[in-house]
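Every chain is numbered from 1 and lettered A, B, ... according to where its sequence line falls, protein lines coming before strand lines. The figures here come from the full heavy-atom set of this structure, side chains too, leaving out hydrogens, waters and symmetry mates.
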Amino acid sequence: MDMRRLMLALLLLLLIILLTACGAPGKSRPVANTPLLAVGGRLAADTVLSGRVLLLSDLLVPAGRTLTIEAGTTVLVRLSESTRIDPEYLSPATELLVRGTLKVLGTDGEPVRFLPERLPVAETVAWAGILFDGSSDSHIAFAQIEGADTGIYCIASSVRIENSRLVRCRYGLIAQAGSAVQLLDSTVEEGEGGIFCWQRSHALLEGNIVRNNQEEGIYIDAGSQPFLSGNVIEANGIGIVAAVPRQELAAANRVHGNGRNYLQLPGIEP
Amino acid sequence: MKRLLLMMAVALLLASPVFASTVYRGESSLYVDTVWSGEVFIDGILTVPPEVTLEIRPGTTVRFTVFDSNGDGIGEHELFIQGRLLALGTAEAPVRFTSAAKDPQPGDWGAINIMASTERENRLQHCRVEYGYRGFHAHFSLAALSDSVFTANVRGLQFQESTLSILRCQVKGNGNGAQFRNSQVVIRDSLFSANHWGLRGVYSDLRLEGSRIEGNLINGLNLRMSSIEAMGNTVRGNRRGIYLQGSEGRLQGNLLQQNSEHGILLEDSNVLVVANIAGANGRSGVKTIDATGRIEGNDLSGNGEYALYNEGASPADARGNWWGEAGIAESVFDGADRKGLGRVDYRDPLPAPPLIPNPNRSAMGN
């Protein structure tokens with residue numbers, strides 16, 4: 001009798017262990033069960049985020065502060081109706097606004113993901129994106145940014161972005177107002193437009209894939225001086241729109257299979 | 001001798017600017033009509049209650065001390081008007097509202113905050129408002145701003161459920177220039193420049209004339225669910241020039257040039273776009289997304305990519321415009337270029353650019 005009870009107890013223990021290891025029904029990845037840290041507001045001190053994070057509302061990294069996001073972090077962004085009428089910062093949608101420094105430390109095996117919690121009805125973008133305003137020394141590595149109005153928006157900022165993916169954002173990357181942006185070995189795809197350099201911005205674009213954007217792959221206005229090398233620009237509505245002569249771009253990049261490969265901006269001799 | 005020296009010391013102290021200024025500390029109120037001149041320090045929240053008028057004379061400087069109890073970057077000291085404010089400077093002796101800090105920053109102080117003041121018009125004339133969080137802030141109020149400068153605030157102007165006239169003002173170098181909702185607004189001969197957003201309104205009626213909207217980083221003018229009459233303005237060097245969402249009205253005789261994206265972007269809007277110059281914009285002169293209304297008599301030539309880009313499923317009526325020397329079809333993007341988009345009707349093109357008066361006749365900033 002004691003043996004039978006012992007066997008039953010052991011079986012019960014084994015069953016408990018098995019159920020714990022499997023997690024909730026239908027969810028096989030342990031990360032889904034880790035606690036969700038909600039963030040928003042103004043960063044009061046240098047902060048490190050990891051695990052699963054919910055961007056509940058606009059988050060401002062003020063000048064002098066650093067936000068570090070560790071490898072493997074998933075940032076879910078909540079669609080915030082309250083910001084649609086009264087934009088607190090730069091966008092009516094939920095935004096991560098960086099006036100200090102942002103370090104996104106993804107790795108090849110553990111990227112950092114920025115995903116909308118859900119898409120609004122009948123729209124393709126759910127949040128503003130990561131906006132840099134007067135920021136310097138920010139670095140984004142192995143990040144995936146999805147469903148934003150602008151994946152990465154730089155206003156008078158210097159940012160280094162590498163091995164990242166900007167996907168299904170209305171604009172993938174905007175460099176504006178004298179920004180110095182480095183985009184290296186990254187992919188910008190499936191948006192309305194890929195990369196825009198406006199108002200005296202100087203972007204270093206190397207080794208990227210810019211593809212399947214509905215309109216422009218890369219747009220460079222007459223006042224900006226980017227450096228493009230080793231990029232593949234394909235299957236966009238227009239490959240490159242620029243005031244830079246076509247020959248300069250063709251030699252260093254592969255531009256093919258676009259609805260139109262080049263469009264020269266007015267005023268420049270082809 | 002000692003007594004004489006003591007009296008002289010007291011006299012010197014009384015004559016010093018610190019003791020010659022007016023100081024308000026903590027939460028305080030003016031219970032009678034009051035006139036300010038000289039130097040005024042507000043080290044707290046000063047309320048002007050209903051039935052009370054605060055008049056500020058030319059040359060007065062009002063300084064707010066910096067206080068941010070929760071570290072959110074929003075200064076909390078402010079002037080709270082429930083009665084009436086008459087801040088009446090002159091061109092030679094403006095009234096100044098500013099920070100008391102040695103190294104002032106935007107957001108050092110809260111706002112000139114006007115609440116439920118509709119019986120008589122509040123007036124700011126020849127004022128300079130700087131380093132506030134909201135330089136001018138109003139709810140349920142009536143106000144006239146003239147010949148004044150709003151600069152280096154987090155938000156230059158913010159108001160809702162109010163009626164405002166803004167004449168010959170400069171709103172420049174703020175985080176956002178002017179944002180409003182549920183308001184009736186008349187803006188004439190004013191400048192909105194070098195802000196992140198120039199003007200942004202929701203559920204409002206805006207009449208905009210003879211003004212310049214230039215060099216704003218995001219949108220020059222953005223209205224949602226509003227009505228607009230915009231005539232004779234210059235909208236230049238913004239990211240987008242005029243962006244209307246779910247709105248109606250008229251854009252006439254405006255110059256929209258050198259905006260990085262589109263001169264005019266109409267989304268779900270019913271707007272008459274007539275006799276404007278929308279050229280030399282980075283992407284298109286006009287972009288429409290399920291917009292109704294007519295686009296006619298405009299000069300749409302010389303834009304970076306397209307004269308007119310129709311991204312919606314609805315057709316666009318763009319008869320009677322000047323498209324430039326190149327073929328019209330190449331300067332239009334519509335259902336002929338992507339399946340599912342509406343077609344642009346560009347029949348009856350003008351044979352030459354229309355003659356449109358130069359709208360840049362404002363005295364502001366010239």
Side-chain angles (χ1 to χ4, degrees), chain A residues 41-45 60 62-65 84-92 97 99 122 128 131 133-134 149-150 153-156 170-171 174-179 192-193 196-201 214-216 219-224 237-238 241-243 259-260 263-268, chain B residues 68 70-74 105 107 133-134 154-155 158 160 175-176 179-182 194-197 200-204 215-219 222 224-225 237-240 245 258-261 279-284 287 289 301-306 309 311 324 326 330-331 333 337-338 341:
Chain A
R42 179 186 170 99
L43 216 63
L60 169 65
R65 295 271 175 254
R84 284 187 178 272
I85 289 171
D86 187 4
E88 190 60 40
Y89 302 123
L90 295 186
S91 171
L97 176 60
R99 295 194 171 122
L131 283 57
D133 182 24
D149 184 79
T150 306
Y153 189 176
C154 301
I155 297 174
R170 179 167 288 133
Y171 307 86
I174 294 175
Q176 187 179 7
S179 289
E192 174 183 306
F196 295 83
C197 298
W198 289 321
Q199 298 175 356
R200 305 169 312 284
S201 287
Q214 198 170 57
E215 299 179 27
E216 304 89 339
Y219 184 106
I220 304 160
D221 73 5
S224 295
I238 308 173
V241 181
R260 186 172 173 179
L263 174 62
Q264 204 98 48
L265 287 174
I268 303 295
Chain B
D68 180 9
N70 57 3
D72 63 357
I74 302 173
Q105 299 296 323
Y133 181 69
R134 302 176 177 100
V154 176
R155 300 177 189 176
Q158 181 178 343
Q160 57 192 76
N176 293 323
Q179 56 192 78
F180 48 91
R181 59 179 289 180
N182 298 97
N195 307 288
H196 282 94
W197 296 71
R200 173 178 165 82
V202 188
Y203 306 127
S204 294
N216 298 287
L217 287 171
I218 300 180
N219 295 317
N222 174 220
R224 190 158 71 86
M225 304 301 291
N238 308 284
R239 182 181 149 184
R240 300 188 189 113
Q245 300 168 277
Q258 297 168 346
N259 299 288
S260 296
E261 285 204 74
N281 298 288
R283 296 174 84 190
S284 73
K287 180 171 182 177
I289 306 172
S301 65
N303 293 285
E305 297 176 8
Y306 299 101
Y309 192 115
E311 196 182 296
E330 288 73 38
S331 64
F333 190 97
D337 302 284
R338 188 191 306 154
L341 300 184

Report task. State whether B:E261 and A:R170 are salt-bridged, where the test is any N-O pair (Lys NZ or Arg NE/NH1/NH2 against Asp/Glu carboxylate O) under 4.0 Å. Result -> no
To the closest 0.5 Å, what do you measure between [atom1] ([X]) and [atom2] ([Y])?
X: B:H196; Y: A:I155; atom1: NE2; atom2: CD1; value: 4.5 Å
X: A:Q176; Y: B:I218; atom1: CD; atom2: CD1; value: 7.5 Å
X: B:S260; Y: A:Y219; atom1: OG; atom2: OH; value: 7.5 Å
X: B:Y306; Y: A:L263; atom1: OH; atom2: CG; value: 7.0 Å

Query raised in the report: Given that the side chain runs from C-beta out, which part of A:I174 has a heavy atom under 4.5 Å from chain B: side chain, backbone, both or neither?
Result: side chain
Report summary line: Applying a strict 4.5 Å limit to non-hydrogen atoms, the region of A:L60 in contact with chain B is neither
**Report entry** Contacting region of B:F333 [heavy-atom separation from chain A under 4.5 Å]
**Finding:** neither
Query raised in the report: With only heavy atoms counted, which part of B:N303 is less than 4.5 Å from chain A, the side chain, the backbone, both or neither?
Result: backbone
Query raised in the report: Does A:Y171 have B:R239 sitting over its ring (NZ/CZ under 6.0 Å from centre, angle to axis within 45°)?
Result: yes
Query raised in the report: Hey, is CZ on A:R260 packed in by over 12 heavy atoms from elsewhere, all under 6.0 Å?
Result: no
Query raised in the report: Given side chains that start at C-beta, do those of B:E311 and A:E215 come closer than 4.5 Å, heavy atoms only?
Result: yes
Query raised in the report: Got B:R283 and A:V241 here, is their nearest side-chain heavy-atom distance under 4.5 Å?
Result: no
**Report entry** Closest non-hydrogen atom pair between B:G304 and A:L265, with its separation
**Finding:** CA-CD2, 3.7 Å
